[in-house]
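Read the structure below first, then the notes.
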Protein chains: 2
Amino acid sequence: MTTVRQGRSGPAELLCEGCSLHGACLSRSLPLEELEAFDAIIDRPRPLKRGEALVRQGQPFTSLFVVRSGSLKQVIDVDGRYDQVVHFYLPSETEGLDAIGEARCPATVLALERTFVCELPFAHLERLATRLPSLRGALYRCMGRELRGDQRQVCLLSGRTAEQRLAGFLLGLSERFHARGCSRYRFHLAMSRADIGSHLGLALETVSRVMGRFQRQGLVAMAGREVTLRSLEGLTVIAEDGPR
Amino acid sequence: MTTVRQGRSGPAELLCEGCSLHGACLSRSLPLEELEAFDAIIDRPRPLKRGEALVRQGQPFTSLFVVRSGSLKQVIDVDGRYDQVVHFYLPSETEGLDAIGEARCPATVLALERTFVCELPFAHLERLATRLPSLRGALYRCMGRELRGDQRQVCLLSGRTAEQRLAGFLLGLSERFHARGCSRYRFHLAMSRADIGSHLGLALETVSRVMGRFQRQGLVAMAGREVTLRSLEGLTVIAEDGPR
DNA sequence: CGGCACGTTGATAGGGATCAACGAAGGTGG
DNA sequence: CCACCTTCGTTGATCCCTATCAACGTGCCG
């Protein structure tokens, strides 16, 4: 992967301090005097086009990536016979944590739409962490959060109906968008039905059908890929109790 | 949880250097001169009885635990309506990584049999990591490995048949036992059918039936909870291609 | 305009959940 | 030492959820 690196002396919105996502990303807990050093190791590659790969499975691991805008999907090639969507990454979320400690990336990461990322070369990050205790803590916390996210995903997948999974998925997205300062009720689904299906262990047709059911029940409204959650309570009941 | 702490001056097998699992656990990559400092922060509580809790969901997070012998299951209480088995921990594996960055433990951990653990108070560990670069690296790598394990679990759960899941589960255990120096073919299943079912998103009856099928096909042999894998190749084919 | 990716909807079949009964093993108390 | 109970595993019968195959509509892009 060849990336066009931009100069260090970009405009303010290209620095963490002026970034709208500062406060949600890895740099959150860094004190101001450390932020500068953190900023200095960040690369900001050119934006990814829809469908373009950020990293490819098997390729050497070098960097973490934080989504600045747009979104990503992480896909594992399972024995060369099909693709499994493991994660979606929304703005402020960090991709690549699962590759730490491995020489090679365990999965491919693709852009779901036009996507800007910040690149954090891991070697630099680690060196910096030697000096900055708060950065170390931030990294641990970030990985811990990722682990809890995976646990949640396992619970979603394990022995739940299609309705429970989809409701849980929508509520999870809602929470994540809300945490980064967006609406809890209305957001853009950049991923296809097939992507959602793979991620939830469902056939894409089932995703479509259940989505339709939710709309008819007045739980959600959809315009294209723009979703509006009309009843968080209703969805929560379904996610917990199961359909009906 | 009150634990009986043992003195610092125990026999050699209670130190990392003399431990049979050194080389598999967190302490693996520490140079000898750092090992001593690492050893100094470890507690070794009294062994857990079968069914006893090591930590309980919601309880303040204080420590990581490394399994020395025996095994653990990590269980999440889902909305108070049922329990979801998220992880099993075998000797040399580290429990508690998913709680890092949280004040409270996200799940309950129970002993599946008589189990000895090493307790690593996280505050001490973090302080020590300030001095020891290799310990920092070891922690990152450990968490990265955990993340990849969870990914694997998600792939196992997502849209696979009962046979594929169980075959994948057995092969995963085989690998983990082998990595710690035990037989790849023969090991003890400390968990019940219900535990396995919950972990794999299957009803316990299904686990029992598929196990029976595997036995009739000569893929595995069982004597009580002692399992022998008779054909890793056969199981691999099933895990990958699906039944038949 | 034609091709393609994507989403929707219908019909069908099958895998696994569920309910139920039963046997084996281990712990307990008399 | 044996009767009792509880936990665990096995096996059978039934039903339902969802995968699968299929057809069709839509919007987008070359």
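Per chain, numbering begins at 1; letters A, B, ... match sequence-line order.
Distance CG (A:D195) to C1' (C:dA5): 12 Å, rounded to an integer number of Å. Across the protein-nucleic acid pair, A:I238 atom CD1 and D:dC17 atom P stand 14 Å apart, rounded to whole Å. Summarising the geometry, the separation between CG on B:L112 and C1' on D:dT7 is reported as 15 Å, rounded to the nearest angstrom. Spacing between atom CG of B:L202 and atom C1' of C:dT18 amounts to 14 Å, rounded to whole angstrom units. One interatomic measurement links the two molecules: CG of A:L157 to P of D:dC17, which rounds to 19 Å at whole-angstrom precision. The interatomic distance linking B:F214 (CZ) with D:dT10 (P) rounds to 13 Å, in whole Å. In this structure, CD1 of B:I196 is placed 12 Å from C1' of D:dC8, rounded to the nearest angstrom.
In this structure a side-chain-to-backbone donor-acceptor pair under 3.5 Å is missing from A:R165 to A:H199. One N or O on the side chain of B:Q57 and one on the backbone of B:D77 form a donor-acceptor pair closer than 3.5 Å.
The shortest non-hydrogen separation linking A:D150 to A:H87 is OD1-NE2, 2.7 Å. B:R56 approaches B:C105 most closely through the heavy-atom pair O-CB, 3.9 Å.
A:F61 and A:F122 have tilted rings, their planes meeting at an angle from 30° to 60° on a 0 to 90° scale.
Every residue was checked against the ring pair (Phe, Tyr, Trp, His ring centres under 6.0 Å) condition with B:F214, not counting sequence neighbours, and none meets it. For A:E175, the side-chain hydrogen bond (donor to acceptor under 3.5 Å, both in side chains) partners are A:R152, not counting sequence neighbours. Residues forming a salt bridge (charged side-chain N to carboxylate O under 4.0 Å, His left out) with A:E93 (at least two apart in sequence, or on another chain): A:R176.
Note on A:G201: only backbone sugar-phosphate atoms sit closer than 4.0 angstrom, heavy atoms only; bases stay farther off. Here A:G224 lies out of heavy-atom contact (under 4.0 Å) with every strand.
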Where protein sits on nucleotides 6-14 of chain C, one letter per nucleotide: B base, S sugar-phosphate only, - none, heavy atoms under 4.0 Å: SSBBBB---

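The stretch residues 71-88 of chain B does not touch DNA chain C, since none of its heavy atoms comes less than 4.0 Å from the strand.
Pairs passing the salt bridge (Lys or Arg N to Asp or Glu O under 4.0 Å) check and including a residue from residues 192-205 of chain B, sequence neighbours excluded, read B:K73-B:D195.
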